[in-house]
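Working notes, structure below.
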Amino acid sequence: MPPRPTRDGSHATRHGIRPVVNQGSAAERALSRLLRPFARVEPGEALGAVAMMVGAFLLLSAYYLLKTVREPLILLEGGAEVKLYARAAQAVLMVGVVQVYGEIARRVGRMKLLGIVFLFFVSNLVLFALLARTTVPIGLAFFLWVGLFSYTSVAQFWALAADIYTEDQGKRLFPVIGIGSSVGAVAGARLARSLVPFGPHVLMATAAGLLIVCMVLLAWVARRIGAPARSGAREAAQEEKPLSNEGALHLLLRDRYLLLIAGMIVLLNWVNSAGEYAFDRTILSAVSSQGVTGAAAHTFVGSIKADYFAWYNLLGMLLQLFAVSRILTRLGVRNALLFLPAFAFFGYAWAAVVPTLAVFRLVKIGENALEYSVAETSRHALYLVTSRVEKYVGKTSVDTIAVRVGAILSGVVVWLGGRLSLPIAAFGAVNVVLTAAWIAIVIAIGREHARRSAETDELLAAEPAPS
């Protein structure tokens, strides 16, 4: 009896949407043992998981190279005001890009879509690298482009991961893949620092090379893990048929699950951006109260920020290495999503009562460490129970638009706060209200996730075990 098609036309077996590979070679068994301190990885899964981890490493390394180029270009060519306005413009631009992306998805399959996206960004980087060697001003264009690249490429990467792994595999393997993201962010920043003296074109060209290797690696992973076993002509055609028959925004607006995830991301970024602003205000207040000026003020602020970045990156990496997999497998995706808003609720309540630099520093370190480990991996895992069109088209729509909407709303609150001369404590109180709404949305997401997960389990249970 052939496997029954799932909601999006892919095929299910008792072992998931894709069959698990065999117990693997001796090398794969050795890899599995090496990964055991971080997550339970079966020998047949080890090589694919490591390949995806390396892919995440390459992608995040490339992003941090480009992020390092972006900041001096926009600030020196346009100034801080242009940078602020450009962030708002990104949200508008992303709506149009998502529409174009949805139209392409209506015409091609998943691997062609991935190839188009990555080759588009690589070709753009080549053009930017050439322009960077001239006197043509590219700061604003490159700033807008990096915003589109970061959210679109990362969304594509995790869409593929959610497509090739079952829900059970995703809970165990996504934390391993996330290690590549965490280490790649650190490595990319370090590499960027060493390449800065050679000029922005060198960093752009290096990032383009990393993206090409990442694209080749993802294509290999998709062929090795993502293709159905013994697929015939019909199954092969099913794999590469167009992903969607409707526009990206129409899909988002009619899909309750995607809307809930979008609402969660809007609130997450709203709270995070407002909290960052309040933290920065406490730093400036400390500078003023201590009478620090000139170069000493730069040193004071720089040391606080450097210490802040170091702590949350270190804690985030440790959580990703040793805690995320255990949280997802033992508590589940739905409970894992509550860690960050629960911490933010109590943290900002504390900051609203005691609005000092020390308190905001601790709250922001904990918030960012949780966001870049437990929360981020859990958000990607939400798509393990979605259809293919929701993974590729829906996830891209949510990840590109919702983030910027949250930043814009935060900017509105900051603007109003400035006009009303609100104290720093007020922003902590606003974040308490926002995190309460955030927790309510996470609970609603959990219910929808549970329903979809149960449907998948029923579908798989109805299928005979493979001979």
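Index from 1, following the sequence.
Counting heavy atoms from C-beta on, the side chains of Val50 and Leu35 come closer than 4.5 Å. Proximity of Tyr392 to Leu160: side-chain heavy atoms (C-beta onward) are separated by under 4.5 Å at one or more points. Counting only heavy atoms from C-beta outward, the side chains of Met52 and Phe157 approach each other to under 4.5 Å. With a 4.5 Å cut-off on side-chain heavy atoms, Leu319 and Leu370 count as touching. Contact annotation: the side chain of Met264 approaches that of Ile445 to within less than 4.5 Å [non-hydrogen atoms, C-beta and beyond]. In this structure the side chain of Leu357 never reaches within 4.5 angstrom of the side chain of Ser285, judged on heavy atoms. Contact check for Asp399 versus Val154: no side-chain heavy atoms found under the 4.5 Å cut-off. When side chains are defined from C-beta on, Ile441 counts as touching Leu267, because their heavy atoms get closer than 4.5 Å.
Residues that satisfy the side-chain hydrogen bond (donor to acceptor under 3.5 Å, both in side chains) test with Asp280, not counting sequence neighbours, are Lys305. Listed by chain and number, the residues in a ring-ring contact (aromatic ring centres under 6.0 Å, His included) with His449 amount to none (sequence neighbours excluded). By the ring-ring contact (aromatic ring centres under 6.0 Å, His included) test, Phe57 pairs with no residue at all, sequence neighbours left out. Residues passing the salt bridge (Lys or Arg N to Asp or Glu O under 4.0 Å) test with Arg334: none are found, sequence neighbours excluded. By the side-chain hydrogen bond (donor to acceptor under 3.5 Å, both in side chains) test, Glu376 is found to be paired with no residue, residues two or more places apart in sequence or in another chain being considered. For Lys364, the salt bridge (Lys or Arg N to Asp or Glu O under 4.0 Å) criterion is met by Glu276, Glu367, not counting sequence neighbours. Residues passing the salt bridge (Lys or Arg N to Asp or Glu O under 4.0 Å) test with Arg40 are Glu42, sequence neighbours excluded.
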Under 3.5 Å, sequence neighbours excluded: what are the donor-acceptor pairs made by side chains of residues 427-438?
unit_1: Asn431; atom_1: ND2; unit_2: Val271; atom_2: O; d: 3.1
unit_1: Thr435; atom_1: OG1; unit_2: Asn431; atom_2: O; d: 2.9
unit_1: Thr435; atom_1: OG1; unit_2: Val432; atom_2: O; d: 2.8

Cut-off 3.5 Å, no hydrogens considered: what does the side-chain donor-acceptor table look like for residues 120-143, sequence neighbours left out?
unit_1: Ser123; atom_1: OG; unit_2: Leu119; atom_2: O; d: 3.1
unit_1: Ser123; atom_1: OG; unit_2: Phe120; atom_2: O; d: 2.8
unit_1: Asn124; atom_1: OD1; unit_2: Trp145; atom_2: NE1; d: 2.8
unit_1: Asn124; atom_1: ND2; unit_2: Phe120; atom_2: O; d: 3.2
unit_1: Thr134; atom_1: OG1; unit_2: Leu131; atom_2: O; d: 2.6
unit_1: Thr134; atom_1: OG1; unit_2: Val136; atom_2: N; d: 3.2

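Side-chain N or O atoms of Ser150 include one that pairs as donor or acceptor with a backbone N or O of Val146 at under 3.5 Å. In this structure a side-chain-to-backbone donor-acceptor pair under 3.5 Å is present from Gln320 to Pro175. Between the side chain of Asp255 and the backbone N or O of Leu251 there is no donor-acceptor pair closer than 3.5 Å. Here the side chain of Gln169 pairs a donor or acceptor atom with the backbone of Thr166 at under 3.5 angstrom. Panel note: side chain Asn272, backbone Leu268; no donor-acceptor pair is recorded below 3.5 Å.
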Apply side chain to side chain contact (heavy atoms under 4.5 Å, CB included) to Thr282 and Thr356, showing your working.
CA-CA 7 Å; Thr282 61; Thr356 63; over 6 Å; no
Begin from the C-alpha positions of Thr68 and Val196 and carry the test side chain to side chain contact (heavy atoms under 4.5 Å, CB included) through to its verdict.
CA-CA 8 Å; Thr68 302; Val196 162; 3.8 Å; yes
Please walk me through it: do Met215 and Leu114 pass side chain to side chain contact (heavy atoms under 4.5 Å, CB included)?
CA-CA 8 Å; Met215 180 178 66; Leu114 281 169; over 6 Å; no
Candidate pair Ser194 and Leu191, rule side chain to side chain contact (heavy atoms under 4.5 Å, CB included), full reasoning:
CA-CA 5 Å; Ser194 65; Leu191 178 60; 3.9 Å; yes
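Remark: Arg106 engages Glu103 in a salt bridge, criterion side-chain N to carboxylate O under 4.0 Å.
Judged by distance alone, the side chains of Asn313 and Asn368 never bring a donor and an acceptor atom under 3.5 Å apart. Between Tyr151 and Gln156, the side chains place no donor N or O within less than 3.5 Å of an acceptor N or O (distance only, hydrogens not considered).
For the atom pair Leu420 CG and Leu416 CG, the distance stands at 6.0 Å (nearest 0.5 Å). Between Phe118 atom CZ and Cys214 atom SG the span is 4.5 Å, to the nearest 0.5 Å. To the nearest 0.5 angstrom, Met94 atom CE is 6.0 Å from Thr400 atom OG1.
Applying the salt bridge (charged side-chain N to carboxylate O under 4.0 Å, His left out) test to pairs two or more places apart or on separate chains, none has a residue in residues 318-332. Residues in residues 167-188 take part in these ring-ring contact (aromatic ring centres under 6.0 Å, His included) pairs, two or more places apart or across chains: Trp158-Phe174. Among residues at least two apart or in separate chains, ring-ring contact (aromatic ring centres under 6.0 Å, His included) pairs with a member in residues 336-372 are Tyr312-Tyr372.
The minimum heavy-atom distance between Ala381 and Val333, with the atom names listed, is CB-CG2, 3.8 Å.
Cation-pi contact between Lys395 and Tyr383: present, with separation from the ring centre below 6.0 Å and deviation from the ring axis of at most 45°.
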